[in-house]
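Inspection log for the structure reproduced underneath, given as structure tokens.
Chain letters run A, B, ... following the sequence lines, proteins first and then strands; every chain starts at 1.
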Amino acid sequence: MNLHIYNTLTNKKEQFLPHTENKVSMYVCGPTVYSAPHIGNARAALVGDLFYRLLQKLYEEVIYIRNLTDVDDKIILESEKTGVPINIITQDVTKMYQNEMSKLNMLEPTFEPKVTDNINNIISTIEKILNNKSAYISENHVVFDMDSFKDYGSLSKKVSDDLIDGARVKPETYKKNPKDFVLWKPSVNQNCGWDSPWGYGRPGWHIECTSMIKSIIGNEQTLDIHGGGNDLIFPHHENEIAQGTSCASAKYCNYWFHNGIVLVDKKKMSKSLGNVILVSDIINATNPIVIRLALMSSHYRQPLNWTNDTVNNAKNIYEKIVTSLDADSSDVREDDNDFLELLCDDLNTPNAIQYLVKQAKDSKNNKNLLPKLRYNCDLIGLKRNSYKISVELKNKVEHLISQRETARQNKDYASADQIRNMLASMNVDLKDGPSGVTWKIKD
RNA sequence: GGCUAAGUGGCAGAGUGGUAAUGCAGCGGCCUGCAAAGCCGUCAACGCCGGUUCGAUUCCGACCUUAGCCUCCA
């Protein structure tokens with residue numbers, strides 16, 4: 001089975017071929033840990049997670065790297081604003097992020113590097129770039145020299161002059177060219193800086209990714225897949241290509257994927273608009289697996305407009321699948337290549353979900369489909385929530401149900417309905433089926 | 001202004017050179033004390049204008065609209 005990925009580099013869907021047979025390396029830009037994760041962070045992580053799950057099915061060895069940016073102006077700003085020390089902010093947010101991603105059933109990446117653990121690697125990558133004469137030192141900054149890199153714009157398809165036409169590039173006195181970007185900058189903040197050959201300072205934004213990738217896969221290796229939100233294409237990933245090409249002789253990366261952003265009311269989520277939806281807000285109100293499904297409901301490259309309907313839709317689909325799975329307590333699994341094939345088509349999750357719904361429906365008349373349905377749910381990370389139902393709760397529920405049954409037999413429907421409402425308020429869902437009453441905890 | 005995408009029923013969202021899945025909502029029915037679930041049936045859409053073609057929603061071009069990027073951003 002061949003995986004096809006839409007490559008931002010070529011703007012085409014291409015067959016994926018790993019640089020080294022049966023070994024795949026993938027890097028996905030993780031969050032800057034300065035504030036609580038939002039739904040956009042979750043979407044990016046989910047796309048990485050789905051590619052990772054798929055690659056693991058297809059290849060023997062898969063390295064999945066997702067970084068944590070714990071050095072950044074925004075973090076320093078947050079610390080100055082709140083008075084909370086930088087390392088406390090980054091630790092707390094990191095914990096929050098990891099915890100929430102795990103609730104959304106994201107697999108742990110193979111590596112989860114942090115900038116603060118990689119300062120030496122970053123310094124040595126910058127030295128390589130300087131040695132290759134692709135950067136210069138100016139006013140205590142190390143600056144990437146865009147004159148040394150002719151392919152700039154290959155990813156974003158932006159022609160050089162357009163960048164200046166926007167007239168929003170602030171010309172800095174230490175830059176020879178407005179397109180040049182900072183690899184290392186001086187730091188006045190005693191709480192955020194490291195000694196370097198260029199004085200006390202800290203890395204620029206872009207260099208960390210390249211440096212951490214190279215430190216894991218090797219400086220002269222080509223990364224197979226690099227992903228992230230499409231708002232990172234320019235300038236972040238463009239700059240990564242520039243520096244990643246200038247610190248080694250190998251090609252930097254073969255395949256680039258970019259996920260669309262999450263819109264709220266058809267507008268980009270942003271703090272200034274005040275429409276940011278936090279992961280914590282929604283996974284407390286809704287089953288995280290439903291949220292996961294909702295995030296998969298549109299193709300990853302499309303913008304995803306987040307509305308109540310997005311969630312309701314996912315809830316309904318989840319219910320259907322779960323109802324079918326509940327029909328059988330077995331946990332036999334069986335490969336389903338038809339399903340895998342849908343995912344191999346550039347991660348076509350809407351199609352895959354459609355397939356699942358149909359499979360769930362068909363399995364009602366054909367129990368032989370259940371092992372495949374289970375396998376497919378596992379593959380995309382749709383797991384059941386396992387509720388710990390205490391003995392007390394179980395007894396209480398069953399006692400109330402038997403009271404209700406008595407009432408029903410006596411045609412005392414007012415009491416029966418009252419008990420059903422009481423159970424509903426305990427999050428217990430009743431169904432009066434042909435073979436008696438069944439109940440479950442609502443997800 | 002430049003660049004990149006996208007425009008499908010009430011909503012969400014697939015797909016295709018021969019008029020179009022699926023889910024939700026709606027409507028009608030079966031079932032039910034009622035409900036939920038389930039089942040059956042049903043209504044309804046391819047931005048606009050040209051071109052290519054026997055035939056386009058699907059390919060090509062213009063236009064319009066929307067979103068994103070060009071400044072931190074997943």
Side-chain angles (χ1 to χ4, degrees), chain A residues 6 8 11 28-32 34-35 37-48 66 69 72-74 77 97 153 155-170 179 205 227-236 238 258-263 266-272 276 293-294 297-320 323-324 342 348-358 361 364-365 407-414 416-417 420-421 424 429-434 437-440 442:
Chain A
Y6 185 93
T8 311
N11 275 157
V28 175
C29 283
T32 300
Y34 74 111
S35 66
H38 57 250
I39 187 94
N41 294 310
R43 189 182 197 197
L46 175 65
V47 176
R66 189 184 66 201
T69 298
D72 187 272
D73 288 351
K74 291 192 292 289
L77 221 67
Y97 180 78
L155 189 69
S156 60
K157 319 292 183 289
K158 289 181 189 294
V159 208
S160 310
D161 294 343
D162 297 336
L163 303 181
I164 298 148
D165 282 355
R168 280 157 152 181
V169 182
K170 214 193 286 174
K179 283 176 284 178
W205 171 34
N230 74 183
D231 47 357
L232 294 179
I233 295 175
F234 185 90
H236 182 53
E238 205 72 78
H258 290 94
N259 62 273
I261 57 168
V262 177
L263 305 173
K266 305 215 168 170
K267 284 261 184 281
K268 181 174 178 174
M269 272 196 300
S270 71
K271 290 199 166 171
S272 51
V276 176
L293 200 53
S297 64
S298 76
H299 186 88
Y300 77 88
R301 278 190 282 119
Q302 302 302 328
L304 172 59
N305 192 28
W306 193 263
T307 63
N308 287 337
D309 283 350
T310 312
V311 180
N312 284 335
N313 230 320
K315 247 183 220 164
N316 291 325
I317 289 169
Y318 176 81
E319 274 305 315
K320 277 185 205 303
T323 307
S324 293
L342 295 174
N348 195 335
T349 51
N351 255 357
I353 290 171
Q354 175 193 340
Y355 180 94
L356 274 191
V357 172
K358 185 163 190 316
K361 197 174 162 185
K364 293 203 162 88
N365 296 318
R408 289 179 73 205
Q409 274 156 27
N410 297 334
K411 300 207 190 297
D412 177 6
Y413 296 120
D417 290 349
R420 184 166 59 195
N421 288 340
D429 215 17
L430 289 193
K431 273 179 197 168
D432 301 330
V437 184
T438 56
W439 66 279
K440 64 171 187 175
K442 257 191 281 188

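Considering only side-chain atoms of A/Ile317, the nucleotide from B/rG23, B/rG33, B/rA74 that sits closest is B/rG23. Checked against B/rC34, B/rA12, B/rC69, the side chain of A/Asn313 finds its nearest nucleotide in B/rA12. Of the candidates B/rU22, B/rG68, B/rA5, the closest approach to any side-chain atom of A/Tyr6 belongs to B/rA5. Residue A/Asp309 has its side chain nearest to B/rC11 when only B/rC34, B/rG23, B/rC11 are considered. Taking only side-chain atoms of A/Gln354, from C-beta outward, the nucleotide of B/rA5, B/rA21, B/rG23 with the closest atom is B/rA21. Across B/rC24, B/rA74, B/rA14, the shortest atom-to-atom separation from the side chain of A/Asn348 is found for B/rA14. Counting only heavy atoms from C-beta on, A/Asn11 has its side chain closest to B/rU4 among B/rA74, B/rU22, B/rU4. Listed candidates were B/rA12, B/rG68, B/rA14. Nearest to the side chain of A/Leu263 is B/rG68. Taking the side chain of A/Phe234 as heavy atoms from C-beta on, and the options B/rC24, B/rU22, B/rC70, the nearest nucleotide is B/rC70. Across B/rC34, B/rG68, B/rG15, the shortest atom-to-atom separation from the side chain of A/Asp432 is found for B/rC34.
Across the protein-nucleic acid pair, A/Asn312 atom CG and B/rG26 atom P stand 12 Å apart, rounded to whole Å. Note: CD (A/Glu238) to P (B/rU4) measures 12 Å, nearest angstrom. A straight line from NE2 of A/His299 to P of B/rG7 spans 12 Å, rounded to a whole angstrom. Straight-line distance from the NZ atom of A/Lys361 to the P atom of B/rA21: 13 Å, rounded to whole Å. Distance, A/Leu342 CG to B/rA14 P: 13 Å, rounded to whole Å. The interatomic distance linking A/Leu430 (CG) with B/rG38 (P) rounds to 16 Å, in whole Å. To the nearest angstrom, P of B/rA36 lies 12 Å from CG of A/Asp417. For the pair A/Ile233 CD1 and B/rA5 P, the interatomic distance rounds to 9 Å; values are reported in whole Å.
When only modelled atom types and interatomic distance are considered, A/Arg301 and A/Thr8 share no side-chain donor-acceptor pair under 3.5 Å.
At a threshold of 4.0 angstrom between heavy atoms, the contacts of A/Gly229 are confined to the sugar-phosphate backbone, with no base atom among them. A/Arg301 comes within 4.0 angstrom of no nucleic acid atom, judged by non-hydrogen atoms across all strands. Within the 4.0 angstrom heavy-atom criterion, base atoms lie near A/Val262. Among the heavy atoms of the strands lying under 4.0 Å from A/Lys74 are primed sugar atoms or P, OP1, OP2 only; no base atom is included. Residue A/Lys320 is classed as a sugar-phosphate contact, given heavy-atom separations below 4.0 Å to backbone atoms only. Among the protein residues, A/Gly433 comes within range of no part of the nucleic acid, since none of its heavy atoms lies under 4.0 Å from any strand. Residue contacts for A/Leu232: at a heavy-atom cut-off of 4.0 Å it reaches the sugar-phosphate backbone alone, with no base atom in range. Residue-level contact check: A/Thr307 touches neither bases nor backbone, having no heavy atom under 4.0 Å from any strand.
Contact check for A/Trp306 versus A/Ile39: side-chain heavy atoms found under the 4.5 Å cut-off. With contacts defined as side-chain heavy-atom distances shorter than 4.5 Å, the pair A/Thr69/A/Cys29 does not qualify. Between A/Val262 and A/His38, every side-chain heavy-atom pair lies at or beyond the 4.5 Å cut-off.
Residue A/Leu304 is the one, among A/Gly228 and A/Leu304, whose nearest nucleotide of RNA chain B lies closer to the 5' end (criterion: closest heavy atom). Each of A/Gln302 and A/Met269 was assigned the nucleotide of RNA chain B with the nearest heavy atom; the assignment lying further toward the 5' end belongs to A/Gln302.
Between the C1' atoms of B/rC3 and B/rC11, the separation comes to 32 Å (whole Å). Taking the P atoms as reference points, B/rC70 lies 25 Å from B/rC63, given to the whole Å. With both ends at atom P, the span from B/rG17 to B/rA12 equals 25 Å, rounded to whole Å. With both ends at atom P, the span from B/rG38 to B/rG23 equals 10 Å, rounded to whole Å. Separating the P atom of B/rA25 from that of B/rA36 is a span of 10 Å, rounded to the nearest Å. Comparing the C1' positions of B/rC46 and B/rU57 gives an interatomic distance of 4 Å, to the nearest angstrom. Comparing the same atom, C1', in B/rG13 and in B/rC49 gives a spacing of 27 Å after rounding to whole Å. B/rG50 and B/rA44 have their P atoms separated by 27 Å, with the value rounded to a whole Å.
Environment of CG in A/Asn308: sparse, with no more than 12 heavy atoms of neighbouring residues, nucleotides or ligands closer than 6.0 Å. Within 6.0 Å of atom NZ in A/Lys358, 12 or fewer heavy atoms from other residues, nucleotides or ligands are found, so the atom counts as exposed in its surroundings.
Using N1 to N3 plus N6-O4 or O6-N4 for Watson-Crick, or N1-O2 and O6-N3 for G-U wobble, each under 3.5 Å, B/rG1 pairs with B/rC70. Within the shown strands, nothing qualifies as a pairing partner of B/rA14 under the Watson-Crick or G-U definition with both distances less than 3.5 Å. Nucleotide B/rU19 forms no Watson-Crick or G-U wobble pair with any nucleotide shown, as no partner meets the under 3.5 Å limit on both distances. As the counterpart of B/rC39, B/rG29 is assigned, both hydrogen-bonding distances of the Watson-Crick or G-U wobble pattern falling under 3.5 Å. Across the strands present, B/rU53 finds no partner; the criterion is a Watson-Crick or G-U wobble pair with both atom distances under 3.5 angstrom. With a 3.5 Å ceiling on both atom-pair distances, the Watson-Crick or G-U wobble partner of B/rG7 is B/rC64. Across all strands shown, B/rC34 remains unpaired; no Watson-Crick or G-U wobble contact has both distances below 3.5 Å.
Between A/Ser156 and B/rC70 there is no side-chain polar atom (N or O) within less than 4.0 angstrom of OP1 or OP2. Using a 4.0 Å cut-off, no side-chain N or O of A/Lys315 falls inside it from OP1 or OP2 of B/rG23.
For the pair A/Lys361 and A/Ser324, the tightest heavy-atom approach, listed with the atom from each and the gap, is N-OG, 4.3 Å. In plain terms, the two heavy atoms of A/Asn348 and A/His299 that are nearest each other are CA-ND1, 4.0 Å.
Proximity of a side-chain donor or acceptor of A/Ser156 to a complementary backbone N or O of A/Pro235 within less than 3.5 Å is not detected.
For A/Arg420 against B/rA35, a side-chain-to-base donor-acceptor contact under 3.5 Å is present.
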